[in-house]
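One structure below.
Every number for a ligand or one of its atoms is a count from 1 in the order of the listing.
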Amino acid sequence: MKKFAVLGNPINHSLSPQIHLEFARQLEISLSFVKKTVPLDSFERIVSELKNDKFYGANVTLPFKSHAAKIAQHKSNEVIDTHSANTLTFLDDYIKADSTDGMGLLADLENKIGSIANTKILLLGAGGAANAVIPALYQNHINQLFLWNRTIQKSHDMQLFWSKKYSHVVVMENIDLANIDLIINATSAGVDSQVSPIQINTTNKDLVCYDMMYGQKTPFLQLAQKKNLTHFDGLGMLVQQAALSFEIWHQMKADTNKIEAELRLTI
Ligand code: ATR
């Protein structure tokens with residue numbers, strides 16, 4: 001039986017074991033999946049303990065995604081670009097790192113609103129979560145990416161970095177939603193504090209608001225709801241990124257159709 005863990009701090013809230021065990025049940029795979037709280041200075045030690053205990057893989061969540069990227073000897077292109085990994089595979093001679101966050105977001109958006117090709121997207125935030133999804137957005141040929149962050153200098157730094165690789169990356173210093181099709185909130189506002197990172201002032205009824213957080217409705221999504229805008233939390237992204245990790249580990253595609261609704265009843 002292959003052994004897996006999800007690593008983070010805090011980790012109690014994690015739904016990863018539940019999701020992976022459900023996929024395993026569907027596909028008749030036998031596996032174990034545990035939550036491990038990692039002390040802030042002990043990521044490397046815990047990973048080597050898992051390797052010694054013959055774990056096959058681990059999902060990694062906050063605040064260790066950049067540590068996971070660093071520790072691996074083999075990295076996917078997304079990991080190289082974003083310095084962030086959420087999926088580790090422990091092979092005999094090396095650790096492999098993948099990042100399924102961006103493609104997970106994309107799969108969820110595809111399910112919920114269809115293709116994002118040619119859209120104009122405003123991405124809120126400049127931390128690991130925001131940076132991790134940019135390659136996936138460009139893989140889907142978006143028209144333009146606007147960056148906004150509370151500390152706007154970080155958006156300029158991000159713009160400088162990503163515009164070497166992608167075109168049409170622009171900093172939006174003052175929020176103007178006139179031409180925006182989709183806002184993705186990748187800030188931790190709503191966890192850290194009960195505020196929306198931006199006000200949503202628009203007459204565009206087709207604007208879609210997506211928050212990468214899940215659990216209770218964030219202030220950002222509450223605003224979107226008040227404006228009668230189509231809005232989604234990040235639970236679907238969580239399920240999709242888990243399905244992609246599952247595929248990396250087991251080379252099998254899980255059915256993600258029902259699990260989001262089932263999880264919603266438990267959170
Ligand atoms: P993560 O890896 O999850 O992205 P992070 O690197 O700590 O976490 O980044 C958190 C992001 O949320 C940052 O963009 C942060 O803005 P600052 O760079 O200005 O700190 C943003 N953020 C956190 N609380 C916020 C709030 N109340 N309003 C707006 N943005 C907020």
Going by the order shown, which atoms of ligand 1 are within less than 4.0 Å of some heavy atom of Lys154?
17 (P), 18 (O), 20 (O)
Quick check: do Phe90 and Leu50 have side-chain heavy atoms less than 4.5 Å from each other?
yes
Of Asp108, Asp233, Thr230, Asn185, the residue whose pairing with Tyr210 passes side chain to side chain donor-acceptor pair (under 3.5 Å)
Asp108
Could you check if a side-chain atom of Asp211 sits within less than 4.5 angstrom of a side-chain atom of Phe232, using non-hydrogen atoms only?
no
Which ligand 1 atoms are under 4.0 Å away from a heavy-atom of Val195?
27 (N)
For a side chain to side chain donor-acceptor pair (under 3.5 Å) with Thr89, tell me which candidate from Tyr94, Trp249, Tyr56 qualifies.
Trp249
Heavy atoms only, cut-off 4.0 Å: how does Thr187 contact ligand 1, side chain, backbone, both, or neither?
both
Atoms in ligand 1 with a heavy atom of Gly127 nearer than 4.0 Å:
4 (O), 6 (O), 9 (O), 14 (O)
Which is it for Leu27 and His250 under the side-chain contact (heavy atoms from CB on, under 4.5 Å) test, yes or no, and what are the steps along the way?
CA-CA 10 Å; Leu27 294 162; His250 308 286; over 6 Å; no
Please identify which atoms of ligand 1 are closer than 4.0 Å to at least one heavy atom of Ala126.
14 (O)
Gly125 neighbourhood, listing ligand 1 atoms whose heavy-atom distance to it stays under 4.0 Å:
14 (O)
Any side-chain heavy atom of Ile29 sitting closer than 4.5 Å to one from Phe23?
no
With atoms numbered from 1 as shown, which atoms in ligand 1 lie under 4.0 angstrom from a non-hydrogen atom of Ala129?
1 (P), 2 (O), 3 (O), 4 (O)
Run the ring-centre check on Phe161 versus His156 and record whether the distance is less than 6.0 Å.
no
The option among Thr151, Thr61, Ile152, Asn185 carrying the non-hydrogen atom nearest to atom 19 (O) of ligand 1 is Thr151
Heavy atom under 4.0 Å from ligand 1: found in Leu124's side chain, backbone, both, or neither?
neither
